[in-house]
Amino acid sequence: MSDFIDTITWRGMLHDMTPGLTEHLKSGMRTAYLGFDPTADSLHIGHLVGVMTLVHFQRAGHKPLALVGGATGMIGDPSFKSAERNLLDMDTLSYNVAGIKKQLSEFLDFSDTLSNRAEIVNNYDWMAGFTFLDFIRDVGKHITVNYMMAKDSVRKRIEDGSGMSFTEFSYQLIQGYDFYHLWKHKGVTIQLGGSDQWGNIVTGTELIRRMEGGTAYALTVPLITKADGTKFGKTESGSVWLDPVKTSPYAFYQFWLNVSDEDAEKYIKIFTTLPKEEIESLVDEHRNAAHLRILQKVLAREVTTLVHGSSEFTSALKASEILFGKSSADDLRSLDERTFLQVFEGVPGSEVSRLSIDQPVDPAVFLADIAKAYPSRGEARRMLQQGAVMINKEKWPLERFITKDQILNGKFMLIQKGKKNYFLVKFV
RNA sequence: GGGGAGAUUCCAGAGUGGCCAAAUGGGGCAGACUGUAAAUCUGUUGCGAAAGCUUCGGAGGUUCGAAUCCUUCUCUCCCCA
């Protein structure tokens, strides 16, 4: 049994914890849980820190529980949110819960033979039948309003005058009760969470202490940041999702590959399970030859494989090589249709009638009006003028007309908008 | 309920009758450089090939001419009760 606290400390994943936790973990197999809010039907990489915390916890020989908030999701965690949250309806919620459950099951080991096998629980199961009267009698009685109001997350909202509904105010108590319930029935003694969850988690340990005199622990992981101060896990096109339909494995791979040097050192510790020695030697190697981007490559490989599997990783890698390598128009032509489609899966594109370029057509008109790669002809023309457009890997001048010869494999045309943005036209 | 300020292009914010498709900054996009980076420098950033067209909260009006003046509506903010 390796030391969980040492591991996550070294990995930079420890933000705060309640006293005594180190000893508590050393004395035997423990059970911890971490909650996920079902606000969408897929997790995104912001959730991955939490997932990895559970993974490391299990690898250290302890038992991880993932809680999907079917009940708490109905309320919405107000912690550090500036405004009242919108409520989700039941259908959306149960759909989201199912999606998240499925994803979580990819990361943890659920084998029956394991004594520390992972489990997934849904707080709807025990909250749904709990009546309001029972709740305020049996749970609410133990925690004072003063205590709840003192939480940073609540106080901020009151101080800045935006206020908070009773519904959201109750959230911490419900999350606290989850902890109590799992402590009582599942032997859970630790709750893990993001640093914004500290207040909610501590309400739980407090509740356990007051209701039964029990001891429970809290451990939080830091908010993942980026060296340049922008928000982690977002690209121009929005969140980076774990669901391959929402974010293609190719885009996912690219996200990690494009991480800055500074962040790569941090992320490889957090998002991979590679051992310390290996990571340290990679970091050394990277520092000696930063331009090779060894860390980014390993990081992208590891995370993509973990989330999407090795065959998806291989296609993403291959796609990247074709898109960014020194490949030429001839390389593109040599691809058969299946590989071509695989490489460009997830790349935005449009469908266009073959007839539209029966006659040679002005490239700006084609790019804007026909292929819809640009919103207006003016913009397309500007880009062409600036030399920002490549068609089938060839830099395209403003004066050169598009003809049927530009169709690859009788079906496709690859447009590059600048260096990094690809656009695939399918001819039908 | 009373009084005041305001609503401008992606954002912030200038413009207070023609020189305004609208300063400046940010952001975005692109080029050079590079490591598919960072930093930097350069270009570009309503539509249109152009003539021109549509934009300054909505509607109406004054004027040869309005983002700018008038009327009215909607919304936002501040102060007093």
Side-chain angles (χ1 to χ4, degrees), chain A residues 82-83 160-163 225-232 234-238 240 247-268 282-301 303-304 313 315-328 331-332 343-344 346-348 359-391 393-402 414-424:
Chain A
S82 51
D160 72 16
S162 54
T225 54
K226 284 191 0 185
D228 63 5
T230 54
K231 204 171 174 204
F232 168 76
K234 297 273 181 191
T235 64
E236 317 80 76
S237 42
V240 179
T247 300
S248 71
Y250 163 75
F252 188 85
Y253 174 80
Q254 284 287 323
F255 171 83
W256 295 102
L257 195 66
N258 282 318
V259 154
S260 73
D261 293 355
E262 207 176 322
D263 291 332
E265 281 189 31
K266 205 163 71 185
Y267 296 167
I268 198 162
L282 283 168
V283 168
D284 275 351
E285 244 185 283
H286 184 264
R287 285 185 179 159
N288 291 329
H291 62 282
L292 296 179
R293 293 191 300 151
I294 292 163
L295 278 180
Q296 282 92 337
K297 282 178 187 166
V298 175
L299 174 68
R301 181 192 74 205
V303 185
T304 310
F313 158 69
S315 331
L317 181 64
K318 195 166 161 197
S320 301
E321 273 166 4
I322 291 173
L323 295 178
F324 293 103
K326 319 167 270 302
S327 60
S328 64
D331 290 333
L332 273 180
V343 166
F344 294 105
V347 169
Q359 301 296 318
V361 50
D362 180 271
V365 173
F366 176 79
L367 290 171
D369 291 3
I370 301 172
K372 311 263 187 247
Y374 289 101
S376 72
R377 286 185 200 178
E379 183 163 345
R381 192 162 284 113
R382 243 184 340 261
M383 293 299 130
L384 284 159
Q385 251 157 16
Q386 292 184 125
V389 180
M390 303 238 270
I391 291 176
K393 288 269 172 189
E394 277 183 81
K395 189 163 267 190
W396 207 263
L398 182 59
E399 315 78 46
R400 184 166 167 195
F401 277 48
I402 307 274
L414 180 67
I415 298 168
Q416 266 168 282
K417 313 194 292 177
K419 279 181 191 148
K420 288 213 264 185
N421 300 304
Y422 287 83
F423 191 89
L424 186 66

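Throughout, protein chains are lettered first and strands after them, A, B, ... in sequence-line order, and every chain is numbered starting at 1. Every value quoted in this text rests on a predicted model; they were computed, and no experiment measured them.
Once rounded to the nearest 0.5 Å, the distance linking CD of A/Glu285 with CD1 of A/Ile294 reads 4.0 Å.
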Test side-chain contact (heavy atoms from CB on, under 4.5 Å) on A/Met390 and A/Trp396 and set out the steps. CA-CA 5 Å; A/Met390 303 238 270; A/Trp396 207 263; over 6 Å; no

Test side-chain contact (heavy atoms from CB on, under 4.5 Å) on A/Gln416 and A/Val389 and set out the steps. CA-CA 6 Å; A/Gln416 266 168 282; A/Val389 180; over 6 Å; no

A/Arg400 vs A/Glu394, salt bridge (charged side-chain N to carboxylate O under 4.0 Å, His left out): CA-CA, chis, key distance, verdict: CA-CA 12 Å; A/Arg400 184 166 167 195; A/Glu394 277 183 81; 3.5 Å; yes

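Note on A/Ala364: nothing from the nucleic acid sits closer than 4.0 angstrom, heavy atoms only. Here A/Asp362 lies out of heavy-atom contact (under 4.0 Å) with every strand. Within the 4.0 angstrom heavy-atom criterion, no nucleotide atom of any strand lies near A/Leu292. Across all strands shown, A/Gln385 has no heavy atoms under 4.0 Å from either base or sugar-phosphate atoms.
B/rU55: no Watson-Crick or G-U partner with both key distances under 3.5 Å is found in any strand. When both pairing distances are held under 3.5 Å, B/rA12 makes a Watson-Crick or G-U pair with B/rU24. The partner of B/rA39 cannot be assigned: no Watson-Crick or G-U wobble pair with both contacts below 3.5 Å exists in any strand. Using the Watson-Crick or G-U wobble rule with both distances under 3.5 Å, B/rC77 pairs with B/rG4. Under the Watson-Crick and G-U wobble criteria, each requiring two contacts below 3.5 Å, nucleotide B/rU68 is left unpaired. Look at B/rA50: it lacks any Watson-Crick or wobble partner with both distances under 3.5 angstrom.
The closest side-chain heavy-atom distance from A/Val361 to A/Ile370 is below 4.5 Å.
For the side chain to side chain contact (heavy atoms under 4.5 Å, CB included) with A/Val303, the qualifying choice from A/Tyr267, A/Phe255, A/Tyr253, A/Trp256 is A/Trp256, the only one to do so.
Within 3.5 Å, a donor on the side chain of A/Lys419 pairs with an acceptor on the base of B/rU34, or the reverse.
Taking atom P on both nucleotides, B/rA50 is separated from B/rC56 by 23 Å, rounded to a whole Å. One P atom belongs to B/rU9, the other to B/rU68, and the distance between them is 14 Å to the nearest Å.
In this structure, A/Asn421 reaches the B/rA30 phosphate: one of its side-chain N or O atoms is under 4.0 Å from OP1 or OP2.
Between the side chain of A/Asn258 and the backbone N or O of A/Gln254, at least one donor-acceptor pair lies under 3.5 Å.
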Heavy-atom protein contacts under 4.0 Å, nucleotides 39-55 of chain B, coded B base, S sugar-phosphate only, - none: ----BSS-SSS------

